[in-house]
Amino acid sequence: MLEELKRKVYEANMELPRRNLVTYTWGNVSGIDRNAGLFVIKPSGVAYEDLKPKDMVVMDLAGNQAEGKLHPSSDTKTHLVLYNTFPELGGIVHTHSPYAVSWAQAGRDIPAYGTTHADYFYGPIPCARSLTAEEIEEDYEANTGKIIAETFRQRGMDPVHVPAVICRSHGPFAWGKDPAQAVYHAVVVEEVARMALFTEQIDSHAGPASPWILEKHFQRKHGPNAYYGQAGGASSC
């Protein structure tokens, strides 16, 4: 079942240690087949060096395990809520990458200080609020997904234009059109989080980049008249 998607999700998971986004088993990637109404996610607590495509777990959008001998990631309910809330998402990743986690532990958005950030995120990367004691007791993982959805709804943010969030005292979630793009965005989150920290170390009163330069950089890559890159291929700048 969904063998090609399992392979893609496996490969995306294996990219996390290669990109230094995870320590031990501190991360997971999933990918969804919208036509089938199923998503594939990493099993819980399996070391990356032991992971195989056949180990990936298949879930339905009601939260039932459709295939797989292993237990799914402990963050499965968060992925489930996000897939059900945002139909644009094709892949989701969660890590505990240190720079992004540092901003989450401080309870602060990652500010849009420059064009590197604006190339991928239309504004700051938001920090979702802390869960209440009742929310944690009721269903920690599902309510994590719900407060992410709440954050985007309250701020009027488009999850396609801001493909990531950091959760207070927890860490980042990122997403994309497929598992590979979700991991790509997770890499960018960590890098802009690092740059933002250095910016504030140099100047604690630094302000965000001007709205017109942020607008220009986002729109030239993602807008209706985007002109970044080569048709049918990748590019750098």
Side-chain angles (χ1 to χ4, degrees), residues 1-84 89-105 136 139-145 148 163-167 169-191 193-194:
M1 181 187 294
L2 302 180
E3 298 307 313
E4 179 62 15
L5 183 57
K6 287 179 185 176
R7 182 187 62 79
K8 290 179 179 178
V9 170
Y10 164 78
E11 290 176 352
N13 273 286
M14 296 306 291
E15 190 72 4
L16 298 183
R18 284 196 289 266
R19 296 292 179 176
N20 296 316
L21 292 181
V22 297
T23 302
Y24 296 122
T25 61
W26 305 353
N28 48 75
V29 183
S30 69
I32 190 168
D33 184 324
R34 291 283 178 183
N35 292 328
L38 299 168
F39 68 97
V40 173
I41 193 165
K42 176 184 177 288
S44 179
V46 177
Y48 285 92
E49 58 267 27
D50 298 329
L51 206 59
K52 299 177 179 61
K54 67 180 179 63
D55 296 328
M56 300 298 106
V57 181
V58 181
M59 305 292 298
D60 68 22
L61 290 174
N64 302 306
Q65 187 164 335
E67 186 181 74
K69 297 180 180 179
L70 301 174
H71 294 301
S73 166
S74 57
D75 294 304
T76 295
K77 287 185 178 181
T78 307
H79 291 239
L80 175 65
V81 170
L82 294 177
Y83 282 132
N84 280 324
L89 275 54
I92 299 170
V93 56
H94 171 54
T95 76
H96 288 257
S97 56
Y99 288 101
V101 166
S102 298
W103 287 89
Q105 291 180 167
I136 292 171
D139 196 329
Y140 171 59
E141 290 81 12
N143 285 329
T144 296
I148 293 171
V165 68
I166 53 176
C167 293
S169 306
H170 188 181
F173 286 82
W175 46 80
K177 65 183 179 181
D178 54 30
Q181 190 183 59
V183 172
Y184 188 100
H185 287 152
V187 172
V188 179
V189 168
E190 181 67 357
E191 190 64 15
R194 184 171 72 101

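Side chains are part of it too, since the values below use all heavy atoms of this structure and drop only hydrogens, waters and symmetry mates.
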Sort and list the pairs that fulfil ring-ring contact (aromatic ring centres under 6.0 Å, His included) and have at least one residue in residues 56-77, not counting sequence neighbours.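 The answer is none; no pair qualifies.
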Among pairs that include at least one residue of residues 34-52, which meet side-chain hydrogen bond (donor to acceptor under 3.5 Å, both in side chains), considering only residues two or more places apart or in two chains?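 Those involving residues 34-52 do not exist here.
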Does the side chain of S97 reach to within under 4.5 Å of the side chain of V189, using non-hydrogen atoms?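 No, every pair of side-chain atoms sits at 4.5 Å or beyond.
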Any heavy-atom pair between the side chains of L51 and M56 that's under 4.5 Å?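 The answer is yes; the side chains approach within 4.5 Å.
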Least distance between heavy atoms, [X] atom then [Y] atom:
X: G171; Y: V101; result: CA-CG2, 4.0 Å
X: S73; Y: N28; result: OG-ND2, 3.2 Å
X: G145; Y: V81; result: C-CG1, 3.5 Å
X: C167; Y: T144; result: SG-CG2, 4.1 Å
X: A12; Y: P179; result: CB-CB, 3.7 Å

Given 3.5 Å as the limit, does a donor-acceptor pair link the side chain of N13 with the main chain of V29, or not?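 Side chain of N13 to backbone of V29, a donor-acceptor pair under 3.5 Å: yes, one is there.
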Test side chain to side chain donor-acceptor pair (under 3.5 Å) applied to N20 - qualifying residues, sequence neighbours left out: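 For N20, no residue satisfies side chain to side chain donor-acceptor pair (under 3.5 Å) once neighbours in sequence are set aside.
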Side chain to side chain donor-acceptor pair (under 3.5 Å) against T78, all qualifying residues, sequence neighbours excluded: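 Testing T78 for side chain to side chain donor-acceptor pair (under 3.5 Å), a comparison that skips the adjacent residues, returns none.
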Could you measure the distance from the [atom1] atom of [X] to the [atom2] atom of [Y]? Nearest 0.5 Å is fine.
X: L21; Y: H96; atom1: CG; atom2: NE2; result: 12.0 Å
X: L82; Y: I148; atom1: CG; atom2: CD1; result: 5.0 Å
X: T23; Y: L16; atom1: OG1; atom2: CG; result: 11.0 Å
X: F173; Y: T95; atom1: CZ; atom2: OG1; result: 9.0 Å
X: M1; Y: L38; atom1: CE; atom2: CG; result: 6.0 Å
X: H79; Y: I41; atom1: NE2; atom2: CD1; result: 4.0 Å

For [X], what residues pass the side-chain contact (heavy atoms from CB on, under 4.5 Å) criterion, not counting sequence neighbours?
X: D139; result: K77, E141, A142, N143
X: P163; result: F121, W175, H185
X: Y99; result: E190, A193, R194, L197, F198
X: L61; result: I32, F39, L80, Y83, N84

Qualifying salt bridge (charged side-chain N to carboxylate O under 4.0 Å, His left out) pairs, either residue in [range], two or more places apart:
range: residues 64-76; answer: K6-E67
range: residues 10-21; answer: R7-E11, E15-R18, E15-R19
range: residues 169-181; answer: none

Sole residue of V9, N64, L2 in side chain to side chain contact (heavy atoms under 4.5 Å, CB included) with V58: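 Output: one option passes, namely L2.
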Would you say Y10 has more than 12 foreign heavy atoms packed within less than 6.0 Å of its OH?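 Enclosed: over 12 neighbouring heavy atoms sit under 6.0 Å from OH of Y10.
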Less than 6.0 angstrom separating the ring centers of H94 and H170, yes or no?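 They qualify: ring centres under 6.0 Å apart.
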